Every structure is written in structure tokens, then in C-alpha cells.
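Since we're looking at a predicted model, the values are computed, not measured. Numbers here are sequence positions counted from 1.
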Amino acid sequence: MLFFAFPQSGQCVVPSYFMGIISECNELYTKGGGDERSFGVSWQSLDRSNGSARSEYTWTDADELNSYPYWGRLGIYSGGGYIVKLNGSKEELYELLDQLERENWIDRYTRAVFVEFSVYNPQVNLFSVNMLLAEFHITNGIVPSYRFEPALLLPYSGGAAVIQVLLEIIFLLFIIGFFIRELFHLYKQRIKYLEDFWNWIEISIICFSIAAMVAYFYKLFEVNQLITEIKETKGYGYTKLQFVGYWNEIFAYMMGFLVFLATLKFLKLLRFNRRVSMLANTLRLSGKHLLHFSIIFLIVFLAFCQLFWITFMTADETYSSFMKSMVASILMMMGKFNIYTLIQAKPILTQIFVLLYLVSVTFIIVNMFVSILNDTFTEVRSDANKLSNEYEILQFMMGRFMNWTGIQEAPKETTIEGPAVKGVERFLEDESKRKKDGTSMAHPTWLDPTDPSMAVFPSRIDRLLQSLSTIYQNDMEGAKGESSVGKATMSMWTKTPYQAPPREDRLHCLQQTRANNIRRVSLARIDN
């Protein structure tokens, strides 16, 4: 299909100095300033002698075309216009285009010519909504542009349609569950619920999920209607897929935001990682300094953007608008820019401006940003109180996972039949070696090496008992000189202080414990 739009003639007044040179003044096309009348052949005024207007000279609204406004390079177009349907064989189309050329269908009032067509590739199950646009400037220049938009409009035609439907149902159930859970949290926490940043992430995920589902099902509804029209006309009628492609684009945007928020939510799980937590704490503590830095950066950056835009707007298309100048300035910070075109237009000013920009922004301001982060990171790394204490959870989960998968063996539990018996055996070996060599073992090896506190446990018990006996003896001495009742009671403290048993007695006890443990193991085996 081919259609175009043009503005109304005579929208501006020619100055009196040029009345004899310029006969008419026309402006650029605007959405509300286009001419929507019907005309005769060669854009003549329609009257009774010309009869009814042909379809090529009859205005068609955007609603009838199932279209929407289009944003070109020179203006925004309403979506309606004067239509020529390109149906038939190649010879018929050539004859139709020759006729329109003889009738001056494209004249000096034409502002945009659209060529729309759609194709379908059954091998990959993809539609393509295509548009070629030629915009006419008031100075008779032509600005071309194009748009090719592939779209998956038939999602349930493959062999995995059942799995896809099942996953969509699971996704819907999850969204309903998340929605109910967040409502419960909102009811329970009230206004405090809105103070948490991650709660806003959850709300955004739910909202974008619902919006994506609405756009998806509405797109399927429109596609089913278009498929019905294609079947009725057998593919030879006019079927405009631009509106469906528009909803497919909205759905893609929704999914993009949804994936972004879900990935951002994944950072909440990474708080158990020490390095990620240090980075988060660095950004959190340096927030005030970064805010002050961003103000200075924006002032300097926008000043240079305006300088490049005003200076090079007529020399390079990259700086033809303020937004393009901002993008080009960011690329210049990374060293990706074409300076040769700028030098040809402004040889001296280009070198001065680029040098000032690189020195001011790249070498000074960016290094200030790095210095702020570096100082805060050093402070966070040196201060252990600013680090989270949740890393043990991740280590526990990783250990359990490695044990479950068999990558790492589980640590052996300390039982009576295992390390305890082995400890007795090591003690007996140490005692026999000591008696043979006639020396004392300063660091016994019969204790469990995995528990360092056990190496001093027996001596501490002996010290505790001796201290208690000393306290009892002191109380006995302090009770002398009291009444006879006190003297009778004092006889209870005439016992000698507690002394640790000799090593031979302890050796006998350990041997007896070993025999009992072995007997217990044998009984357990008989029971099994």
C-alpha cells in the first residue's frame, strides 16, 4: 500500500518585498494542519463536472486504516492519508504508477510518502511489518527512512505449544500468588511497607507482569481477526499489520522491563556474597558524595553538549539535535567519535573544544568519581562492623548442596564408637611411648585435633576442683572461735583438699571406658 499526506496550502504570508518573486508560502507538515479534503484528478477541486473522487484522491482516516500516528524525522504524521493499493500483477502496477506520475499525484504539497507491506516466513514462523518513508522538505529535499519489524504473531503453532501453555499458566499462578502475598504484607505493615525499596521492586514486577499479559492477550485477539480476514481474501486483500506490530512492540517493552526488574531483584540474593555486599555498602555510604558529584557533572556535561550542538549542528548530523549531541558526547568520553568531519568544518575550534572536553570531563571529573568510590570502598573494607553477617547462610547452603550432589563428602559425626575409641588408642600409645622414653608429653596427641579447646580441658577441670577445695578450707578456718554449734559444724570441713588422680588411675579409667565402648558396639552389631 502507498499513501501520503500534505499540508494545507497558503499557511504563511509572503512578505511584500518578495510578492513578485514568491507566489505562495508553505510550512512544514503538522498533525493538525494537514489537508483532509477529497479532490479530483490531478488535485483539482472536486465539483459536479469532475464527478466522484477516485480512491487515490480521497482522504482516509487512521481509524479506517487500523493505523496509528507515526513519528518521522521531520514530523509526526496522523496515520491517515490518500491511499493507492498496490494489488495485481507487475505490469498492472507499472501502468498504475505511470498514470499517477502523469497526473502529478506527488507534487510540491506532498510532505510524506509511505510504502507499507507485510511478509510471512513459514519456516521460522515470523511476520515482518515493513515501512519505507520518504519525507519531503519545504526546500524540495527528500529525507528517507525505513522500519522493519519482525513479529511472532502465531506463538502456538510449533510442537512445543503444550509446554508453552503450561509455562504460561504456571507464570499466571505465580503472579497471583505474589499479588496475594504483597497485599497481605501491605495490610500487615501499613505505611512501613512502602518505605522498603525491594517492596517497590515487587510491586513493579507485578504491575508489569499484569500489563504484559493484557498486551499479549489483546495482541492474540487482533491476530485472530487478521487471520480470519486473510483467509477470506486468500491473501489478496488489504490487511494492515501495523497495529498488531504496535502491540507486539509494547509487549516486548513490557517483557524487557520485567526481565530488568527480575534481574535487579536477583541482586537481593547476592547480598550473601561478601564482595557484592561490600560493593552495595560502598554505594550506600557514598550516596551523599555521589549526589553532590552528579550535580557538578551534569552542569559541566550539559554545558559541553550545548557547545557541541550549537557549533557543529550544521556540520555533522551527529550533533544535529541536542539529544544526539548528548549521545555523541558520551561516546566521546569513551573515545568513539569521528573528529575528521568536525575538523573539516571547524579546524581550530574543534581541536580546542575537544581538548577542553577530554581534560575536564574524562581526566578530572571521572577521576573524581573513581576517587570517591575508592575512598568509600577502603573504609568499608577496613570496618568489619559495616559488613553483613549473613555469609554463613550461603556457606551452609553451598555445603549442603555439595554434600547432596556428592561433590564433597559430609564431615563424620563424633560418636562413641568412632573418634572417641581412636582417641583412647592414641592415648595408650602416648603413655607407652612416655614410659619407654622416660619423658612427659607437653602436647598430647590423643585428643581430638579438630577441637583445640579439648587440649586444655582436663587441666582446667583439675584447677576448678582444687579451687573449690581451697574455698571450703578457707571457710573452715574462718569458722574457728564461734559457738559450739559452729564447732560441730566445722568438723565437716576437716577433709583434705581435692587432688587430681594420678595418671595411672586415669589410664585405668580410660582402659575401662574403652572396654565398655567396645562391648557396646558388639551388642549393637548383634542387635542389628
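- With no hydrogens or angles considered, no side-chain donor-acceptor pair links Tyr246 and Gln242 at under 3.5 Å.
- Taking the side chain as every heavy atom from C-beta outward, Leu133 and Tyr70 approach each other to under 4.5 Å.
- Side-chain contact, Tyr340 with Gln344: no donor N or O sits under 3.5 Å from an acceptor N or O.
- At a threshold of 4.5 Å between non-hydrogen side-chain atoms, the residues Leu194 and Asn199 do not count as touching.
- With hydrogens and angles left out, the side-chain atoms of Asn130 and Tyr146 include no donor and acceptor closer than 3.5 Å.
- Atoms CD1 and CG, from Ile296 and Leu291 in turn, are 10.5 Å apart once rounded to the nearest 0.5 Å.
- For the residue pair Gln44 / Tyr57, no side-chain donor-acceptor distance below 3.5 Å is found, with atom types taken as modelled.
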Name every donor-acceptor pair, under 3.5 Å, that has one atom in a side chain of residues 162-184 and the other anywhere in the protein, sequence neighbours excluded.
residue	atom	partner	partner atom	Å
Gln164	NE2	Glu168	OE2	3.4
Glu168	OE1	Tyr156	OH	2.7
Glu168	OE2	Tyr156	OH	3.3
Glu168	OE2	Tyr216	OH	3.2
Arg181	NH2	Glu202	OE1	3.4
Glu182	OE1	Tyr193	OH	2.2

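- More than 12 heavy-atom neighbours from other residues, nucleotides or ligands sit within 6.0 angstrom of CE on Met334.
- For the residue pair Thr378 / Asp375, no side-chain donor-acceptor distance below 3.5 Å is found, with atom types taken as modelled.
- For the pair Ser55 and Ile83, the minimum side-chain heavy-atom distance is 4.5 Å or more.
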Point to revise | Worked verdict on Ile330 versus Phe301 for side chain to side chain contact (heavy atoms under 4.5 Å, CB included) | key: CA-CA 9 Å; Ile330 295 175; Phe301 179 74; 3.6 Å; yes

Review point. Can Lys90 and Glu92 be said to form a salt bridge (charged side-chain N to carboxylate O under 4.0 Å, His left out), step by step?
Key: CA-CA 5 Å; Lys90 182 173 66 174; Glu92 294 176 352; over 6 Å; no

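- No side-chain heavy atom of Phe114 sits less than 4.5 Å from a side-chain heavy atom of Leu132.
- In terms of heavy atoms, Leu285 sits closest to His289 at O-CD2, 4.4 Å.
- Proximity of Ser325 to Cys305: side-chain heavy atoms (C-beta onward) are separated by under 4.5 Å at one or more points.
- Residues satisfying the side-chain hydrogen bond (donor to acceptor under 3.5 Å, both in side chains) criterion with Ser204, sequence neighbours excluded, are absent altogether.
- The minimum heavy-atom distance between Asn248 and Ala151, with the atom names listed, is ND2-CB, 3.5 Å.
- Within 6.0 Å of OH on Tyr187 lie no more than 12 heavy atoms contributed by other residues, nucleotides or ligands.
- The environment of Phe221 atom CZ is sparse: at most 12 non-hydrogen atoms of other residues, nucleotides or ligands sit within 6.0 angstrom.
- Here the straight-line distance linking atom CD1 of Ile210 with atom CD1 of Ile205 works out to 12.0 Å at 0.5 Å rounding.
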Exercise for review: Take Phe308 and Met332 through the side chain to side chain contact (heavy atoms under 4.5 Å, CB included) test and state the conclusion after the steps.
Suggested key: CA-CA 11 Å; Phe308 292 146; Met332 189 181 296; 4.1 Å; yes

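- Lys265 NZ: more than 12 foreign heavy atoms inside a 6.0 Å radius.
- Annotation for Gln225: atom CD counts as buried by contact number, over 12 foreign heavy atoms lying within 6.0 Å.
- The pair Glu116-Lys85 fails the salt-bridge criterion, with no side-chain N (NZ, NE, NH1 or NH2) lying under 4.0 Å from an Asp/Glu carboxylate O.
- By the neighbour-count criterion of 12 heavy atoms within 6.0 Å, atom CD1 of Ile191 is sparsely surrounded, having that number or fewer from other residues, nucleotides or ligands.
- Judged purely by atom type and a 3.5 angstrom limit, Glu135 has no side-chain atom pairing as donor or acceptor with the backbone of Arg111.
- Ring geometry for Phe127 against Tyr120 counts as tilted: the plane angle lies between 30° and 60°, on a 0 to 90° scale.
- Trp43 has its ring centre less than 6.0 Å from the ring centre of Tyr82.
- Checked against Phe208 for a ring pair (Phe, Tyr, Trp, His ring centres under 6.0 Å), the options Tyr253, Phe257, Phe251 give a single hit: Phe257.
- Side-chain contact check for Glu103 and Gln99: at least one donor-acceptor pair (N or O, by modelled atom type) lies under 3.5 Å.
- For the residue pair Asn374 / Ser371, no side-chain donor-acceptor distance below 3.5 Å is found, with atom types taken as modelled.
- Two residues are said to be in side-chain contact when any heavy atoms from C-beta on lie closer than 4.5 Å; Leu74 and His137 meet this criterion.
- Applying the 6.0 Å contact sphere to CH2 of Trp200 captures no more than 12 heavy atoms from other residues, nucleotides or ligands.
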Check your understanding: Do Thr318 and Phe312 pass the side chain to side chain contact (heavy atoms under 4.5 Å, CB included) test, and can you show the C-alpha distance, the side-chain angles, and the key distance before you say yes or no?
Key -> CA-CA 9 Å; Thr318 309; Phe312 305 113; over 6 Å; no

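- Under the 4.5 Å side-chain criterion, counting only non-hydrogen atoms from C-beta, Glu317 is in contact with Lys324.
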Determine all donor-acceptor pairs shorter than 3.5 Å in which one atom belongs to a side chain in residues 351-369; sequence neighbours excluded.
residue	atom	partner	partner atom	Å
Gln351	NE2	Pro347	O	3.3
Tyr357	OH	Ser329	O	2.7
Ser360	OG	Leu356	O	2.8
Asn367	ND2	Phe363	O	2.3

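- Between Phe136 and Ile106, the closest side-chain pair of non-hydrogen atoms falls below 4.5 Å.
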